[in-house]
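Contents: one structure, followed by commentary.
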Number of protein chains: 2
Amino acid sequence: MKKKRPTLQDVADLVGVTKMTVSRFIRNPEQVSDALRDKIQTALDELGYIPNRAPDILSKSKSHAIGVLLPSLTNQVFAEVIRGIEAVLEPEGYQTMLAHFGYSQELEEQRIATLLSYNVDALILSESQHTPKAQKMLENAGVPVIEIMDSTSKSPLHVIGIDNCSAAREMTQTMIDHGHRNIVYFAARMDERTLQKVEGYKQAMAANGLTSVVKETHSASSFTLGAKFLEEVLSEHPDTDGIFCTNDDLAIGALYACQKKGLQVPEQIGIAGFHGHDIARAMVPLLATVVTPREEMGRLAAKALLKGLQGESIKKQVIELPYQIECGESIKAL
Amino acid sequence: MKKKRPTLQDVADLVGVTKMTVSRFIRNPEQVSDALRDKIQTALDELGYIPNRAPDILSKSKSHAIGVLLPSLTNQVFAEVIRGIEAVLEPEGYQTMLAHFGYSQELEEQRIATLLSYNVDALILSESQHTPKAQKMLENAGVPVIEIMDSTSKSPLHVIGIDNCSAAREMTQTMIDHGHRNIVYFAARMDERTLQKVEGYKQAMAANGLTSVVKETHSASSFTLGAKFLEEVLSEHPDTDGIFCTNDDLAIGALYACQKKGLQVPEQIGIAGFHGHDIARAMVPLLATVVTPREEMGRLAAKALLKGLQGESIKKQVIELPYQIECGESIKAL
DNA sequence: TTTTGTATTGTTAACGGTAACATTACCACA
DNA sequence: TGTGGTAATGTTACCGTTAACAATACAAAA
């Protein structure tokens, strides 16, 4: 019953030629005589031939697939990065193979091995820290690799990202400029980029002689976590008049919690997020946020890889993309 | 310079055995003598050997990868489906290959061909309509295929989904029960499932002697589209006192637009969404919505495929999952 | 010592395309 | 009639791993 799928040989047998002729017809019909063309096409249709990349991958070690390794697939932040990557790769005929590692280095190592075992032609990573084994694999794989998200990464790879620390510092300073004083930072995941944002926040607070307070958890950020943090902060630090969140989800969750409690935003408490998702820029009040060029980041990374695939060797290079501080309505007016 | 990656042969040469011995060591170290084990491991580490699945895929036509075909990757709805699928497949050692086709049948055909050309072991689809060529490929591929999202699909495949029509009908009826009368439907994309929801909405309106009004577009839904639709509806149908949206994004966008205009929700206008995203269930006011079991759907689909992969033939079967009408605060209290 | 068994390693072939080279057929032209 | 050229098709080998089978070595049993 499990009729296995037809091969070129099956098609060739049906027509009465060798599979080489069928192969030629598929890739370049001109090379085949008029008499055969129709017959071969008919046979292909009749058998429902499906191309098979495995032999080509085996003999040329080229899969025409690009591996993309992200911490999380469900996080909106990365959705936009993916969109950017695909916008560039797809027209070039490359398939994107997505994998995620849930912010764990060990899982990342496994995922790198998996993607490479499928002979991806190139890799896009989103962390600078890898296990030694992962590093060795990346070196040995002989494929272009690029890292995204963090322009301050110490990675030896070609890097495209933003300066999270300075972005957080600027946003914090903006909140301070707007009159907020007791600003608390809401963190989650505690990955490298979050730590950098915390650092930027602390720098700005210290520079203004203010005291830093960081709420943190290793679990994922969510609307409900933002709400939970807000409740806690209000009882632990009743004089809090500002919240800066490591991403928009937390900020929006916190904002809703304020609305439920009848707290005025921004009058009583200012709230800012990070990344500038659609919703942040549509909601009422407009959320103050750091708009990051996520799609652009993906697009540039993909373009760089394409160059690498066309032979140009990818030189170690750091491209820092600009972010944008959006004041919104959720922090006080100047 | 482009040192290509080490093969089993390279490792074997280094140790002074045949690649077969190395292959055995990798898959089952017990089969190799004590004396060799260390040597082989050392050689593997030294060369940074990366397994290569291509030969295996070629000879066994098994890639240990599952293809998942979705209309859109960035849509939150599918993010949860993916999470469910991976939650089941990953522990079993299967890699998920995601592809999206932007709601186009032609693109879907291409994506099916691509995924099959990589020898995916099974496929999860999310549409019931395919091009004839795509259908033929699916038949010939000889891999388990399952369809998700729509339990009323006429597809000949094994189907796991919900009844969109009845869900929309129920939600509309709920809004009517709560006192809303001039309810307008906000649609987007106009794919099969949206059409079914529109149908359900119309049924409920008709059953109550009310007039249906549908705002529609072929473009993607978004917060801004919801806001735009609301503006238009208010001028075209000033007596509108209810909005039912094909998904939460539109609903939230419409709700924000109401807040901006100072319209009272739900007193002056009731708003309901579809799918029950996190944010809908955290926001103020709580959004009335149809909560759909998206993660569960993915999980069940993956489980069914696993069974199919373990030899049990997948019998054509329709599994209808329950949805849940959540009244929220964005429609009037009873 | 010879036989038998077992543990370990080696050898061969196969998977399905395609590059590279070989062959065939047919026509034009000398 | 034979020669050369070209268009069309055929043949062979290869990519890296592993299943299946073969061979070897060495220890235990006869």
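Throughout, a chain's letter reflects where its sequence line sits, starting with A, and its residues are numbered from 1.
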| task | Determine to 10° how strongly the helix from C:dT1-D:dA30 to C:dA30-D:dT1 is bent, judged from the axes of its five-pair ends. | result | 70°

| query | Excluding sequence neighbours, so at least two apart, what forms side-chain contact (heavy atoms from CB on, under 4.5 Å) with B:T18? | reply | B:M20, B:T21

| said: Can you list, in residue-number order, the parts of residues 34-51 of chain A that come under 4.0 Å of DNA chain C, counting heavy atoms only? | reply: A:Y49

| request: Calculate the interatomic distance between A:Q9 atom CD and D:dG10 atom P; express it in whole Å. | output: 11 Å

| query | Salt-bridged, A:R53 to A:D56, with N to O below 4.0 Å? | reply | no

| query | Which residues satisfy the side-chain contact (heavy atoms from CB on, under 4.5 Å) test with B:A43, sequence neighbours excluded? | reply | B:V11, B:L14, B:V15

| message | Using heavy-atom distances to pick each residue's nearest nucleotide on DNA chain C, tell me which of B:S61 and B:Q31 is more 5'. | response | B:Q31

| Criterion side-chain hydrogen bond (donor to acceptor under 3.5 Å, both in side chains) against A:H130, the qualifying member of A:Q105, A:E108, A:Q135 | A:E108

| query | Closer than 4.0 Å, any side-chain N/O of A:T21 to the OP1 or OP2 of D:dG10? | reply | yes

| query | For the side chain of A:N52, counting heavy atoms from C-beta on, which of C:dG17, D:dT9, D:dG16 is nearest? | reply | C:dG17

| query | Can you tell me how far P of C:dG17 sits from CZ of A:R53, to the nearest Å? | reply | 13 Å

| note | From CG of A:N28 across to P of D:dA7 the rounded distance in Å is 13 Å

| Under 4.0 Å between a side-chain N/O of A:T7 and OP1 or OP2 of C:dC15, yes or no? | no

| Salt bridge present between A:R299 and A:E80 (N-O < 4.0 angstrom) | no

| note | Across all chains, not counting sequence neighbours, the ring pair (Phe, Tyr, Trp, His ring centres under 6.0 Å) partners of A:H158 are none

| query | Any donor and acceptor pair, going by atom type alone, linking the side chain of B:S155 with main-chain N or O of B:E147 inside 3.5 Å? | reply | no

| field | Check: B:V32 main-chain N/O paired with B:R37 side-chain donor or acceptor under 3.5 Å | value | yes

| Is it true that a side-chain atom of B:R111 and a backbone atom of B:L70 form a donor plus acceptor pair closer than 3.5 Å? | no

| Do you see a donor-acceptor pair shorter than 3.5 Å between the side chains of A:E109 and A:T131? | yes

| query | Given atom CG of B:L116 and atom C1' of C:dG16, what is their separation to the nearest angstrom? | reply | 16 Å

| Does B:S63 offer a backbone N or O that forms a donor-acceptor pair with the side chain of B:D121 under 3.5 Å? | yes

Taking only N/O atoms, report every protein-nucleotides 18-22 of chain C pair under 3.5 Å with atom names and distance.
unit_1	atom_1	unit_2	atom_2	d
C:dT18	OP2	A:S23	OG	2.5
C:dA19	OP1	A:R27	NH1	3.4
C:dA19	OP2	A:R27	NH1	2.9

